[in-house]
Participant: 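After the structure tokens below, expect a handful of questions from me.
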Amino acid sequence: MRIGLSVLFLASQLAATAALAQTAAEREACQADYQRLCKGVLPGGGRVVKCLAGHMSELTPECKKVVKANTPG
């Protein structure tokens with residue numbers, strides 16, 4: 001049971017990180033902001049970027065660049 005939960009947790013973390021941005025550099029730039037501001041947001045459908053965009057004034061400068069680059073309009 002512990003192994004199953006560990007695998008499930010790891011898979012969910014990888015999915016969340018992958019959904020956050022396209023490149024490793026983008027993921028790294030926003031990982032701390034995602035964990036701090038949008039941890040409960042499920043990845044997919046642009047939800048993570050939308051959440052981060054809603055906290056634009058609280059983001060690190062590096063993550064702001066990533067969010068602006070990945071937000072339409």
Participant: Rounded to the nearest 0.5 Å, what separation is found between the CZ atom of Arg36 and the CG atom of Leu59?
Facilitator: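 So the gap between those two atoms works out to 7.0 Å.
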Participant: Name the one of Val66, Val67, Thr60 that satisfies side chain to side chain contact (heavy atoms under 4.5 Å, CB included) with Asp33?
Facilitator: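 It is Thr60; the other options fail the test.
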Participant: Identify every side-chain donor-acceptor pair in residues 40-54 under 3.5 Å, counting partners at least two apart or on other chains, and give the distances.
Facilitator:
from, atom 1, to, atom 2, distance (Å)
Arg47, NE, Leu42, O, 2.9
Arg47, NE, Gly44, O, 3.3
Arg47, NH2, Pro43, O, 2.9
Arg47, NH2, Gly44, O, 3.4

Participant: I need the minimum non-hydrogen distance between Lys39 and Gln35, along with the two atoms involved.
Facilitator: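 Closest pair (atom of Lys39, atom of Gln35, distance): CB-O, 3.4 Å.
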Participant: Heavy-atom distance under 4.5 Å between the side chains of Glu58 and Leu37, does that happen here?
Facilitator: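 Contact flag for Glu58/Leu37 side chains = yes.
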Participant: Which heavy atom of Ala29 sits nearest to which heavy atom of Cys63, and what is that distance?
Facilitator: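 Reported closest heavy-atom pair: O-CB, 3.5 Å.
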